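The next block holds one structure in the form of structure tokens; read it before the comments.
Position 1 is the first residue of the sequence, and the numbers go up from there. What you see is a predicted model; the values in this text were computed from it and never measured.
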Amino acid sequence: MPSSHRDHGQGAEYQNQQQHQQHHHRRRLVNTHHSGNTHPLIWLAAILCTIIAIGVVVAGIVVFVGYMVIHPRIPVISVTNAHLDLLSNDYAGLLQTQLTIIVVAQNGNAKAHATFSDIRFNLSYQGQGIAMMVADPFDVAKNNSKTLNYVVQSASIPLTPEQMEEVDESWKRDLIGFVLKGSARTMWRVGPLGSVKFWCNLECELKFRPSNGSYIKHSRCTSESK
């Protein structure tokens with residue numbers, strides 16, 4: 001009997017120890033769960049993301065309002081008039097010509113002046129270069145324009161037999177064309193939005209009546225922006 005009583009006591013003691021350990025383990029798990037705080041770096045990252053998002057929204061609103069208020073327009077370059085002053089070719093296949101070309105730089109912005117620079121245009125006939133037309137940088141006031149008057153003279157240009165035939169046909173048709181190709185760099189400040197830069201590319205055919213040198217204006221000769 002004493003032996004049986006001792007075993008029963010030891011079993012009860014062992015059971016109490018197991019229950020105490022399980023209770024302590026659960027309490028430790030619960031304490032660990034409640035003590036897990038968010039790391040400060042996570043809060044900092046969240047705050048920074050919020051600030052950036054707000055900044056993007058504000059910048060978008062400023063750009064939109066600035067555009068609606070200023071209505072920016074890209075400056076353009078156009079050929080408004082021209083005249084064929086001289087067209088002469090001989091039996092040796094030499095061509096001589098002189099043209100007057102009126103180029104207008106237009107700034108349609110009512111609230112910003114524009115700057116034109118790197119102005120360079122090449123005038124050619126049937127692939128033969130006649131002259132390079134350039135200009136120094138200049139400013140155009142708000143909603144204004146500047147006129148460039150070019151008088152282009154060519155030296156005696158040697159023509160191939162095919163080009164000589166083309167000149168003869170031009171005299172017969174009373175119609176001749178010259179290719180004008182080039183570009184200019186434009187820059188203007190759009191209020192608080194900063195400076196805007198574009199290239200104005202111009203490429204068109206200038207057509208004339210050789211009989212009187214008049215310019216045929218049926219085709220539009222205005223730059224495209226890039």
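Nearest heavy atoms, Leu123 versus Met133: CB-SD, 4.4 Å. Residue Pro158 comes nearest to Leu94 through the heavy atom pair CA-CD2, 3.8 Å, listed as atom of the first residue, atom of the second, then distance. In terms of heavy-atom proximity, Ile157 sits nearest to Gly129 at CD1-O, 4.2 Å.
With hydrophobic clusters built from ILVMFWY side chains whose heavy atoms lie under 4.5 angstrom apart, Val152 does not share a cluster with Val104. When hydrophobic clusters are built by joining Ile, Leu, Val, Met, Phe, Trp and Tyr residues whose side-chain heavy atoms come closer than 4.5 Å, directly or via intermediates, Ile101 is not grouped with Val76. Val179 and Ile119 fall into different hydrophobic clusters, where Ile, Leu, Val, Met, Phe, Trp and Tyr side chains are chained together by heavy-atom contacts under 4.5 Å. When hydrophobic clusters are built by joining Ile, Leu, Val, Met, Phe, Trp and Tyr residues whose side-chain heavy atoms come closer than 4.5 Å, directly or via intermediates, Tyr150 is grouped together with Val140.
Among residues two or more places apart in sequence or in another chain, the side chain to side chain donor-acceptor pair (under 3.5 Å) test is passed with His83 by Asp85.
Distance CZ/Phe178 to CG/Leu87: 5.5 Å, rounded to 0.5 Å. With rounding to the nearest 0.5 Å, the separation of CZ in Phe138 from NZ in Lys146 is 6.5 Å. Within the model, atoms SG of Cys200 and CD of Glu224 stand 10.5 Å from one another, a figure rounded to the nearest 0.5 Å. The distance from atom OG1 of Thr80 to atom OH of Tyr215, rounded to the nearest 0.5 Å, is 8.5 Å. Rounded to the nearest 0.5 Å, atoms OH (Tyr125) and CG (Leu159) are 7.0 Å apart. Atom CG in Asn81 sits 11.0 Å away from atom OG1 in Thr147 (nearest 0.5 Å).
Considering only heavy atoms from C-beta on, Ile74 comes within 4.5 Å of Trp188 through its side chain. Within the 4.5 Å cutoff, the side chain of Asn149 has heavy atoms near those of the Ile102 side chain. With a 4.5 Å cut-off on side-chain heavy atoms, Phe116 and Asp139 do not count as touching.
In this structure, Thr186 contributes its side chain and Phe198 its backbone to a donor-acceptor pair below 3.5 Å. Of the possible donor and acceptor atoms, none in the side chain of Arg209 sits under 3.5 Å from a partner among the backbone N and O of Ser214. For the pair Ser124 (side chain) and Ile130 (backbone), a donor-acceptor distance under 3.5 Å is absent. Between the side chain of Ser183 and the backbone N or O of Asn201 there is no donor-acceptor pair closer than 3.5 Å. Distance alone, capped at 3.5 Å, places no donor-acceptor pair between the Asn107 side chain and the Thr115 backbone.
The pair Glu166-Arg173 meets the salt-bridge criterion, with a side-chain N (NZ, NE, NH1 or NH2) lying under 4.0 Å from an Asp/Glu carboxylate O.
Counted by atom type alone, Gln126 and Gln163 present zero donor-acceptor pairs between their side chains at under 3.5 Å. Side chain to side chain, Ser156 and Gln96 meet the donor-acceptor criterion of an N or O pair below 3.5 Å.
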For Asn89 and Trp171, what are the C-alpha separation, side-chain angles and deciding distance, and is it a side chain to side chain donor-acceptor pair (under 3.5 Å)? CA-CA 10 Å; Asn89 62 303; Trp171 279 108; 3.2 Å; yes
